[in-house]
> 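Attaching a single structure in structure tokens format; questions to follow.
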Amino acid sequence: DLAGNVVTDADGTLLDFLRLVQAGRSNVDPSATEVVVDTEAPVLALSFDNDDVRNGRYYNAGRTGTLTLAESTFDLVRANDSQLQVATVTHDGSTSVLTAGDFQNPSGDGRTWVAAIDATQDGDWDVSARYTDVVGHASNEVSASFTVDTVAPVMTVSFDNDDARNGFYYNRPRTATVRACERNFSPDLASVAAQAKEGIAPGPSSWVAADGSVWQCFVGFSSDGRYSITISCTDLAGNTAHETVVPEFVIDMTPPEVKIERVSDHTAYAGEIAPYASTSDTNYDLSASGITLEGVRRGNVQWMRGENRSYDRGGEVRDYVDFEHVLENDDVYTLTA
């Protein structure tokens, strides 16, 4: 008191606060070990080391988060209720929690508490946190929802017709199925471009979800032409697939054109005889085509006087002039193209 008297126990020893409580000379609960005055609400903050976002929520590298709680009485909670839930972290539907025991006070100020959030694995992440202190003050709520995707799309191409002739020629239509294996796929970021050196390049169909993270589209090659395909894709996180190029191939459903003129089948000629034969095609195969003249008596006629021959990549022509009217040319001939 103002006269300097102090509170003492019956035996004259000084009474500290704990002794006052134990002696029943205080209105504080006897089980209390400290008195706390707390007039401020806790403050939460959430930050990440990677803020390179793509398309609103996608990141092509992992993220480590720091959840910071500013609260002067949090040490009491950690000491007495370390399993108290402060935050939830959900990864692809699987939820874990951050408790009071997960926080540390690296600055040693007894007020600033931090906990780490490991979001380095690919997947969809949701983080939310809020905290109410020991006297009932509620903090602000913090949250984050984002996707980590570090894997580039995988593009594949297959055809319904692989019956190639001479390497890359096809005599029936072909339909290409282009597949994208990517969970964060966007049709707007994928390109399937058919090129045509001959004919008209077809366009791809719309992309459709095939199964889970697999998307597909189709390109139909139904008319004659020389084609190739170039495919590229970037996912929503900015990962780029290796460019896929389908080498050139040819659709040719048109039979070669064959002509024999100026002679008729099973006809005998006493006067002028000057046949004409030709073969032609856009994709002419010299090794499997040709024109021959054979006589029953003479056999294969390699050359007839005055004959005009021409060869090129598109075909062959034999233009005969009037067979020389000599006895050795008399024969029964077969002209084959």
Side-chain angles (χ1 to χ4, degrees), residues 41-71 74-106 112-134 136-156 179-190 207-216 233-242:
V43 177
L44 280 170
L46 178 61
S47 63
F48 289 89
D49 62 346
N50 173 15
D51 290 320
D52 186 17
V53 67
R54 311 294 175 90
N55 295 294
R57 62 168 287 133
Y58 299 90
Y59 298 81
N60 57 23
R63 308 184 81 196
T64 298
T66 300
L67 181 61
T68 303
L69 171 63
E71 170 56 41
F74 193 64
D75 57 334
L76 297 177
V77 175
R78 287 183 75 252
N80 294 281
D81 191 5
S82 63
Q83 296 305 308
L84 178 68
Q85 179 177 315
V86 179
T88 61
V89 179
T90 301
H91 176 224
D92 284 347
S94 178
T95 299
S96 60
V97 298
L98 287 178
T99 65
D102 294 318
F103 286 77
Q104 304 296 324
N105 180 223
T112 307
W113 301 86
V114 295
I117 299 171
D118 182 0
T120 54
Q121 295 184 26
D122 281 20
D124 297 324
W125 291 87
D126 290 285
V127 180
S128 63
R130 65 179 304 167
Y131 174 72
T132 301
D133 67 18
V134 293
H137 296 130
S139 73
N140 58 308
E141 183 172 359
V142 294
S143 63
S145 180
F146 57 91
T147 297
V148 173
D149 183 353
T150 63
V151 180
V154 176
M155 311 298 292
T156 59
R179 290 184 175 86
C181 184
E182 171 57 49
R183 66 182 289 175
N184 299 304
F185 177 80
S186 171
D188 296 335
L189 300 177
W207 288 93
V208 294
D211 179 24
S213 59
V214 177
W215 293 70
Q216 63 185 20
C233 180
T234 300
D235 65 21
L236 289 167
N239 301 299
T240 300
H242 292 294

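In what follows, every heavy atom counts, from backbone to side chain, and hydrogens, waters and symmetry copies are set aside. Computed from a predicted model, the values in this text were never measured in an experiment.
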> If we only count heavy atoms from C-beta on, is the Thr88 to Val97 side-chain gap below 4.5 Å?
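In contact.
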> State, to 0.1 Å, how close Leu46 and Ser143 come at their nearest heavy-atom pair, and which atoms those are.
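So the minimum-distance heavy-atom pair works out to CD2-C, 4.1 Å.
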> Atom CZ in Arg63, atom CH2 in Trp125: separation rounded to 0.5 Å?
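Arg63 atom CZ to Trp125 atom CH2 measures 11.5 Å (nearest 0.5 Å).
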> With rounding to the nearest 0.5 Å, note down the distance linking CG in Asp92 to CG in Asp122.
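Those atoms lie 9.0 Å apart.
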> Counting neighbours of CG on Asp211 that are heavy atoms of other residues, nucleotides or ligands and sit closer than 6.0 Å, is the number greater than 12?
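Open.
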> Over all heavy atoms of both residues, which pair between Gly123 and His91 is shortest? Give the atoms and the distance, please.
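Scanning both residues completely, I find the closest heavy atoms to be CA-NE2, 3.8 Å.
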> Any chance you could measure Thr150, atom OG1, to Asp235, atom CG, to the nearest 0.5 Å?
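It is 9.5 Å, given to the nearest 0.5 Å.
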> From Asn60 CG over to Asn50 CG, what is the distance, rounded to the nearest 0.5 angstrom?
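Reported value, rounded in 0.5 Å steps: 7.5 Å.
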> Classify the ring geometry of Phe103 against Phe74: parallel below 30°, tilted from 30° to 60°, perpendicular beyond 60°.
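Plane angle over 60°, so perpendicular.
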> Report the distance from atom CZ of Phe48 to atom CZ of Phe146, rounding to the nearest 0.5 Å.
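Those atoms lie 4.0 Å apart.
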> For Pro42 and Tyr131, which heavy atoms make the closest approach, and how far apart are they?
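Looking at all heavy atoms of both residues, the shortest contact is CG-CD2, 3.6 Å.
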> Can you check whether Val53 reaches Tyr59 side chain to side chain, under 4.5 Å on heavy atoms?
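Counting from C-beta outward, Val53 and Tyr59 do come under 4.5 Å.
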> Please lay out, stage by stage, how Thr147 and Arg57 fare under the test side-chain hydrogen bond (donor to acceptor under 3.5 Å, both in side chains).
CA-CA 6 Å; Thr147 297; Arg57 62 168 287 133; 3.0 Å; yes
> Which distance, rounded to the nearest 0.5 Å, do you find between the CG of Asn80 and the CG of Asp75?
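Between Asn80 CG and Asp75 CG, I get 9.5 Å after rounding to 0.5 Å.
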> Let me see the working for Ser47 and Thr66 under side-chain hydrogen bond (donor to acceptor under 3.5 Å, both in side chains), right down to the final yes or no.
CA-CA 5 Å; Ser47 63; Thr66 300; 4.6 Å; no
> Might you point out which heavy atoms bring Ala41 and Ala138 nearest each other, and give the distance in Å?
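Result for this residue pair: CB-O, 3.7 Å.
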> What do the steps show when you test Thr120 against Val148 for side-chain contact (heavy atoms from CB on, under 4.5 Å), and what is the final call?
CA-CA 7 Å; Thr120 54; Val148 173; over 6 Å; no
> Less than 4.5 Å apart, side chain to side chain, heavy atoms only: is that true for Leu67 and Leu44?
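The answer is yes; the side chains approach within 4.5 Å.
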> Evaluate Arg183 against Asp124 for salt bridge (charged side-chain N to carboxylate O under 4.0 Å, His left out), listing each step before the verdict.
CA-CA 11 Å; Arg183 66 182 289 175; Asp124 297 324; 3.4 Å; yes
> Any non-hydrogen side-chain atom of Val151 less than 4.5 Å from a side-chain atom of Asn239?
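No; the side chains remain at least 4.5 Å from each other.
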> So, Arg54 and Asp149, do they make that salt bridge, N to O below 4.0 Å?
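Answer for the salt bridge query: no.
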> What are the two closest heavy atoms between Gly101 and Arg78, and how far apart are they?
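Heavy atoms only, the tightest pair is O-NH2, 4.1 Å.
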